[in-house]
Amino acid sequence: MSRKVTAAITRTVTDKITLYTVPPRNRAEWEMMYVISLTGTDSPSVYWYDKSENVEYQVLGAKNLGAGDYVLLSTAVVVLEEDDEIRVKNSSTNTVTYIAT
């Protein structure tokens, strides 16, 4: 049986962190991602880390978002395997919310 999982975080710092890691002995389908700038201007980044290949892919970057702007990533499903990660990073200390399902 499968179930939907949503991971969310609001960030105000510029270090890259892991938003979600696929649990051992599981696979996941990354269906959508909202990136919402709540204050100021930011150019947030979203990454997929493929553990089996030890490669990080930048899924979103170089998109300036002003306060109240958002990006919805929903046109493709990414299949994640055990220990793959979704990572996020702010470009500034403005407030950005990341929501992935």
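Everything numeric here is computed off the predicted structure, so don't read it as measured data.
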Practice problem: Before accepting this row, confirm whether a basic side-chain N of the pair Glu81/Lys51 lies closer than 4.0 Å to the acidic partner's carboxylate O. | Solution: no

Quiz item: Hey, are Glu31 and Ser74 close enough side-chain-wise for a donor-acceptor pair under 3.5 Å?
Solution: no

Quiz item: Is it true that a side-chain atom of Asp42 and a backbone atom of Asn90 form a donor plus acceptor pair closer than 3.5 Å?
Solution: no

Exercise. Any chance you could lay out the side-chain contact (heavy atoms from CB on, under 4.5 Å) test for Thr93 and Val13, step after step, and finish with the verdict?
Key: CA-CA 5 Å; Thr93 57; Val13 295; 5.7 Å; no

Quiz item: Which atom names give the shortest non-hydrogen contact between Leu73 and Val71, and what distance separates them?
Solution: CD2-CG1, 3.8 Å

Quiz prompt | Minimal non-hydrogen separation, Tyr98 against Pro44, with atom names | solution = OH-CB, 3.2 Å

Quiz item: So, for Ser45 and Gly61, which heavy atoms are closest and what is the spacing to 0.1 Å?
Solution: OG-CA, 4.0 Å

Quiz item: Quick one: does Thr97's side chain get under 4.5 Å of Ile9's, heavy atoms only?
Solution: no

Practice problem: Starting at OG1 of Thr6, measure out to CD1 of Ile99 and round the result to the nearest 0.5 Å. | Solution: 8.5 Å

Exercise. Classify the side-chain pair Thr95/Thr12 by whether it contains a donor and acceptor separated by less than 3.5 Å.
Key: no

Quiz item: Roughly how far apart are Thr39 OG1 and Asn94 CG, rounded to 0.5 Å?
Solution: 4.5 Å

Quiz item: Would you say Val88 and Tyr34 are hydrophobically clustered, going by side-chain heavy atoms of ILVMFWY under 4.5 Å?
Solution: no

Quiz item: Relative to Tyr47, does Lys89 satisfy both conditions: NZ or CZ under 6.0 angstrom from the six-membered ring centre, and within 45 degrees of the ring's axis?
Solution: no

Quiz item: Can you tell me how far CD1 of Ile86 sits from OH of Tyr20, rounded to the nearest 0.5 angstrom?
Solution: 7.5 Å

Self-check item: Minimum-distance pair of heavy atoms, taken over all atoms of Thr41 and Ser92
Solution: O-OG, 3.6 Å

Quiz item: Under 4.5 Å between side-chain heavy atoms, hopping through other hydrophobics if needed: is there a path connecting Ile36 to Val59?
Solution: no

Practice problem: Would you give the length of the straight line joining atom CE of Met33 to atom OG1 of Thr101, rounded to the nearest 0.5 angstrom? | Solution: 9.5 Å

Quiz item: So, does Asp83 use its side chain to make a donor-acceptor pair with the main chain of Pro24 at under 3.5 Å?
Solution: no

Quiz item: Does some side-chain heavy atom of Thr10 sit less than 4.5 Å from a side-chain heavy atom of Val96?
Solution: no

Quiz item: Does a sphere of radius 6.0 Å around NZ in Lys16 hold more than 12 heavy atoms from other residues, nucleotides or ligands, not counting ones at 6.0 Å or beyond?
Solution: yes

Quiz item: Do we see a donor-acceptor contact under 3.5 Å between the side chains of Tyr49 and Asn54?
Solution: yes

Self-check item: Exercise: identify the closest heavy-atom pair between Leu80 and Trp30
Solution: CD1-CB, 4.0 Å

Exercise. Kindly determine whether Arg27 and Glu82 satisfy salt bridge (Lys or Arg N to Asp or Glu O under 4.0 Å), including the steps that lead there.
Key: CA-CA 6 Å; Arg27 293 178 55 179; Glu82 176 180 4; over 6 Å; no

Exercise. Flag the pair Lys4 and Glu29 as a salt bridge only when some basic side-chain nitrogen lies within less than 4.0 angstrom of an acidic carboxylate oxygen.
Key: no

Quiz item: If you round to the nearest 0.5 Å, how far is CG of Leu19 from CZ of Arg11?
Solution: 9.5 Å

Quiz item: Does Val55 offer a backbone N or O that forms a donor-acceptor pair with the side chain of Glu53 under 3.5 Å?
Solution: no

Quiz prompt | Expected output: side-chain Asp84 to main-chain Asp50 donor-acceptor under 3.5 Å | solution = no

Self-check item: Same cluster (ILVMFWY, side-chain, under 4.5 Å), Val35 and Val77
Solution: no

Practice problem: Search all heavy atoms of Ala28 against all heavy atoms of Val22 and return the closest pair with its distance. | Solution: CB-CG2, 4.0 Å

